[in-house]
Q: 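First, the structure itself, so that you have it in front of you.
Computed from a predicted model, the values in this text were never measured in an experiment. For ligands, and for the atoms within them, numbers begin at 1 and follow the listed sequence.
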Amino acid sequence: MAQLSIVSGSVGLITLQNPPVNALSAAVRQGIVDTVEKALSDPKVKSVVIRGQNGVFCGGADIKEFGTKMTGPHLIPMIHAIEAGNKPMVAAIEGSALGGGLELALGCHYRVAHSKARLGLPEVTLGLLPAAAGSQRLPRLIGVPAALNLITTGRHVTAAEALQLGIVDQVTDHDTVDTAVKFALNVAGQSLDARRISTFPCPRPAELDALFEDAMQKVRKSARGAIAPVACVQAVRAAATLPYAEGLERERELMATLFNSGQARALQYCFFAQRAVGRWSTPSGARWDTSKPVPVPKAAVIGLGTMGRGIAVALAQTGLSVVAVETQEKQMMEAKQAVSGMLERGAKRRGVAPVSDKISYSGNIRAVADVDLVIEAVFEDMAVKEKLFQQLSAICKPGALLCTNTSALDVDHLASQTRNPELVVGMHFFAPAHVMKLLEVVYGRRSSTQAVATAMQLGKKMGKVSVAVGNCRGFVGNRMLKPYIEQAFYLLEEGATPELVDRALEEFGFSMGVFRMSDLSGLDVGWRVRKGDGLVEPGLASGPSARVRQGRRYSPLGDLLCEQGRFGQKTGRGWYQYEKPGGRVARSDPWLHSFLEGYRARHGLVARRIDHEEVLERCLYALINEGFHILEDGIAAGPEDIDVIYVFGYGWPRHRGGPMFYAGMVGLAKVLERLEHYHQAHPDVPHLQPCSLLRRLVASGSPPIHKWREVIRKLHSHL
Ligand code: NAI
């Protein structure tokens with residue numbers, strides 16, 4: 001797991017061996033302890049280089065060991081032994097030095113990095129802090145402000161930035177190990193007194209208190225309830241204000257708190273869930289590892305509205321040739337301008353040339369004749385899409401994949417409009433499509449394995465987190481959103497305000513509450529869908545039937561706002577008011593409050609006090625309950641798929657792991673009990689009736705989330 005050899009006569013070369021990233025498993029730590037001891041005691045060895053096998057220095061702790069009983073040597077004394085050694089130790093950093101990997105390098109006396117290497121302390125993204133003295137050494141090496149930035153965000157830096165910050169001593173374009181060995185030969189025999197970072201005084205900037213105050217406010221604002229970034233600030237503060245040993249003790253205490261918090265577990269679950277969704281399968285037996293995607297060098301996007309523009313940009317940035325089709329001349333002009341702006345900004349951010357020449361525009365659908373894959377993003381109107389799929393089926397070359405970006409419409413029905421329904425899948429992007437990481441790949445009843453595999457592969461190439469889901473109204477994300485929004489409307493009827501509901505959800509950790517989100521995306525979108533479903537009945541101002549549709553409770557509040565032209569930000573009025581149409585800053589609107597009072601009076605509803613707990617339970621448990629239905633129906637293969645969709649597409653706070661993980665944390669029995677309670681209080685709301693899968697899970701002793709699939713499998717085998 002770590003090997004020592006002697007090179008250039010007097011340099012001990014320690015090689016970490018734990019593919020793929022030389023994670024610091026118990027065996028690797030033991031290997032380091034043994035080889036360092038050997039090198040220090042071998043009189044032939046005058047200096048030491050530590051490197052990782054296969055071009056990667058070290059990816060950090062072995063995350064598989066989290067949550068298991070600690071065995072093998074501890075990292076902190078291991079790194080101290082390296083630092084305290086009386087022979088120069090040089091870290092040869094290729095590939096990456098992340099987390100514990102960088103902490104190991106900080107224990108060395110010198111660091112040489114390849115120009116393509118990346119360095120960072122990403123522990124915060126797993127709900128932890130760099131607790132192998134990283135939070136104490138880094139500020140001593142590069143100063144408090146820079147260390148705060150790296151440790152609280154977990155961002156990776158390039159070798160060039162690392163050199164500029166003072167993390168590394170030399171950057172090379174040549175062979176890193178050769179360079180490090182030469183470096184080690186040069187420094188052999190030199191005093192190490194000024195090279196042991198733990199002995200450095202931490203630079204104390206003027207206005208220390210104000211600096212930390214500021215940093216704390218900043219992380220509290222962006223952390224949305226996550227505790228790790230806050231603990232990171234506290235740990236760096238300890239480095240700046242306490243002697244090293246005491247700072248280390250503080251680091252240990254803070255880490256213990258984080259380690260035992262539900263948040264670290266949630267974030268680590270997210271880390272594994274994101275990988276798990278890549279190993280997709282469908283009920284028809286298609287699997288990630290047995291299906292072969294087809295190459296897609298050329299694609300088309302049809303409809304250059306909000307979504308089509310972002311999709312075209314994302315495809316071009318992935319290196320595909322893109323044909324962009326739009327029939328409305330005005331839209332086409334606006335789209336061209338918007339797309340080139342997005343491409344330019346993207347290129348600037350990534351330091352590359354814009355790829356505008358990758359996109360060709362056409363007003364004629366025939367331009368898609370030679371592409372390998374089409375993504376349509378035309379209006380959400382079944383008749384329009386039906387016609388388009390008939391056309392595409394006739395125009396496209398044999399084997400071309402036909403994909404729809406529909407938010408909720410029936411993919412099987414669209415497939416039935418084509419000659420080759422096996423070539424039809426949903427590729428459901430999220431706005432803005434060139435930014436948002438989530439992609440739902442919707443397989444229909446007849447979608448071929450190859451079609452699903454190709455869409456998944458393309459999503460991956462585009463840098464998306466792609467999740468394969470079954471076909472149903474709204475797929476996974478939007479289907480679960482419906483009961484969530486519905487509860488928010490009911491809460492308004494019962495006495496809440498948009499401000500109260502949003503505050504509760506934002507304090508929970510959502511980036512935006514349901515009403516602010518609705519103002520942003522436009523109230524008219526849902527209105528159009530409800531109209532299409534025959535739910536909107538203008539003129540039904542009062543009377544018992546005004547709040548009932550198809551035998552269920554219905555809230556016409558959203559429809560009433562739309563009838564007033566209140567579509568949200570775009571019209572300057574919605575659930576809130578904005579300084580002008582298109583304004584972004586939501587302010588309370590007294591009109592809305594008196595409108596709600598009038599509405600309640602008209603319907604004989606008596607407002608009651610509603611607290612945050614009820615808002616969270618009603619909105620979140622209704623959403624979670626739908627998640628259980630989705631699992632029961634086999635629309636999502638497992639709870640990880642749902643959680644990844646919510647974390648990456650719907651602003652669910654990552655430190656709460658996603659809705660299904662959260663249900664497990666709260667306790668499935670409690671979720672069931674509260675749903676029963678609310679369903680009893682609101683028997684006309686079917687979404688509050690607990691799903692039978694939830695009951696079954698509780699009856700089988702509320703197994704941990706990784707065991708749910710077994711219960712679901714049993715359920716399916718009984719059906
Ligand atoms: P949009 O109204 O902004 O754009 C639709 C565009 O399609 C318009 O420019 C229109 O002129 C064009 N178009 C209509 N018929 C056409 C045809 N036959 N050939 C070529 N162009 C045609 O709509 P938006 O918001 O971009 O939505 C498009 C699709 O994406 C819908 O199915 C929607 O449900 C879905 N979607 C929308 C999201 C959003 O946040 N807006 C998110 C995810 C999916």
Side-chain angles (χ1 to χ4, degrees), residues 300-314 322-339 342 361-368 371 374-396 402-411 413-414 417 424-442 459 464 466-467 469 473-479 481-482 485 512 517-533 567-570 645 648-651:
V301 179
I302 304 183
L304 298 181
T306 312
M307 293 306 290
R309 297 170 192 188
I311 298 170
V313 167
V322 182
V323 181
V325 179
E326 167 62 56
T327 44
Q328 306 272 331
E329 217 168 293
K330 185 165 167 276
Q331 279 286 83
M332 176 67 108
M333 258 168 41
E334 284 175 17
K336 278 186 184 172
Q337 221 171 18
V339 166
M342 288 189 250
Y361 295 89
S362 175
N364 188 343
I365 185 82
R366 300 209 158 270
V368 307
V371 304
V374 179
I375 302 173
E376 71 76 15
V378 302
F379 302 130
E380 185 78 339
D381 178 326
M382 188 48 111
V384 176
K385 292 201 197 265
E386 270 177 5
K387 186 162 167 249
L388 181 65
F389 271 79
Q390 291 160 12
Q391 283 179 317
L392 289 173
S393 181
I395 295 168
C396 287
L402 307 182
C403 309
T404 173
N405 182 46
T406 177
S407 312
L409 298 176
D410 184 353
V411 173
H413 181 74
L414 289 174
Q417 305 300 304
V424 176
V425 290
M427 285 186 84
H428 182 209
F429 291 85
F430 289 74
H434 61 302
V435 176
M436 290 290 285
K437 291 283 268 180
L438 179 65
L439 174 69
E440 279 183 328
V441 171
V442 186
K464 306 289 179 199
S466 311
V467 186
V469 300
R473 182 74 191 252
F475 319 123
V476 170
N478 287 345
R479 174 169 159 183
L481 208 57
K482 191 167 176 259
I485 296 174
M512 251 186 225
M517 178 56 89
S518 160
D519 272 0
L520 172 69
S521 44
L523 274 68
D524 51 321
V525 179
W527 191 35
R528 222 172 301 132
V529 174
R530 292 193 296 276
K531 274 186 185 169
D533 290 346
F567 291 172
Q569 287 187 3
K570 60 178 99 164
I645 287 172
F648 286 97
Y650 292 85

Q: Show me which atoms of ligand 1 lie under 4.0 Å from any heavy atom of Ile302.
A: 19 (N), 20 (C)
Q: Within ligand 1, which atoms have a heavy atom of Thr327 less than 4.0 Å away?
A: 16 (C), 17 (C), 19 (N), 20 (C), 21 (N), 22 (C)
Q: Any chance you could measure Gln390, atom CD, to Ile395, atom CD1, to the nearest 0.5 Å?
A: 11.5 Å
Q: When you measure from the side chain of Glu440 to the backbone of Val442, do you find a donor-acceptor pair of N or O atoms at a distance under 3.5 Å?
A: no
Q: Between ligand 1 and Lys385, can you find any atom pair, the residue atom being a heavy atom, that is separated by under 4.0 Å?
A: yes
Q: To the nearest 0.5 Å, what is the distance between NZ (Lys570) and CG (Asp524)?
A: 3.5 Å
Q: Can you sort out which atoms of ligand 1 are near Thr406, meaning under 4.0 Å from one of its heavy atoms?
A: 32 (O)
Q: Less than 4.0 Å between atom 23 (O) of ligand 1 and some protein heavy atom, yes or no?
A: no
Q: Pick whichever of Met436, Glu380, Met332, Met382 has a heavy atom sitting closest to atom 32 (O) of ligand 1.
A: Glu380
Q: What are the two closest non-hydrogen atoms of Cys396 and Leu402, and how far apart are they?
A: SG-CD2, 3.9 Å
Q: Do me a favour and list the nearest non-hydrogen protein atom to atom 3 (O) of ligand 1 with residue, atom name and distance?
A: Thr306 N, 3.0 Å
Q: Numbering the atoms of ligand 1 from 1, which are under 4.0 Å from a heavy atom of Gln328?
A: 11 (O)
Q: Side chains of Asn478 and His428: closer than 4.5 Å at any heavy-atom pair?
A: yes
Q: Is Leu409 close to Thr404 at the side-chain level, that is, under 4.5 Å between some pair of heavy atoms?
A: no
Q: Give me the ring orientation class for Phe567 and Trp527: parallel if the planes are under 30° apart, tilted from 30 to 60°, perpendicular past 60°.
A: tilted
Q: Answer yes or no for Ala377: is there a heavy-atom contact with ligand 1 below 4.0 Å?
A: yes
Q: Taking side chain as C-beta onward, heavy atoms only, is Phe429 less than 4.5 Å from His434?
A: no
Q: Say whether Phe430 and ligand 1 are in contact under the criterion: heavy-atom distance to a ligand atom below 4.0 Å.
A: no
Q: So, taking the atom named CD1 in Ile302 and the one named OG1 in Thr327, what distance separates them when rounded to the nearest 0.5 Å?
A: 9.5 Å
Q: Looking only at protein heavy atoms, which one is nearest to atom 4 (O) of ligand 1, and what is the separation?
A: Gly305 CA, 3.2 Å
Q: Nearest protein heavy atom to atom 29 (C) of ligand 1, by residue and atom, and its distance?
A: Val378 O, 3.3 Å
Q: Got a second to check how far Gln331's CD is from Arg309's CZ, nearest 0.5 Å?
A: 5.0 Å
Q: I'd like to know if His428 contacts ligand 1, where contact means a heavy-atom distance under 4.0 Å to any ligand atom.
A: yes
Q: Among protein heavy atoms, which sits nearest to atom 35 (C) of ligand 1, and what does the distance come to when rounded to 0.1 Å?
A: Asn405 O, 3.3 Å
Q: What is the closest protein heavy atom to atom 43 (C) of ligand 1, and at what distance does it sit?
A: Phe429 O, 3.1 Å
Q: Would you tell me which option among Ala431, Ala408, Ser521, Ser407 has the nearest heavy-atom contact to atom 40 (O) of ligand 1?
A: Ala431
Q: Provide, to 0.1 Å, the distance between atom 7 (O) of ligand 1 and the closest protein heavy atom, together with that atom's residue and name.
A: Gly303 CA, 3.3 Å
Q: Within the distance-only criterion (no hydrogens, no angle test), does the side chain of Glu326 pair as donor or acceptor with the backbone N or O of Leu304 below 3.5 angstrom?
A: yes
Q: Decide yes or no for Val322 and Ile311: does some side-chain heavy atom of the first lie under 4.5 Å from some side-chain heavy atom of the second?
A: no
Q: How far is atom 11 (O) of ligand 1 from its nearest protein heavy atom, and which residue and atom name does that atom have?
A: Glu326 OE2, 2.5 Å
Q: Does any N/O atom on Met307 come nearer than 3.5 Å to any N/O atom on ligand 1?
A: yes
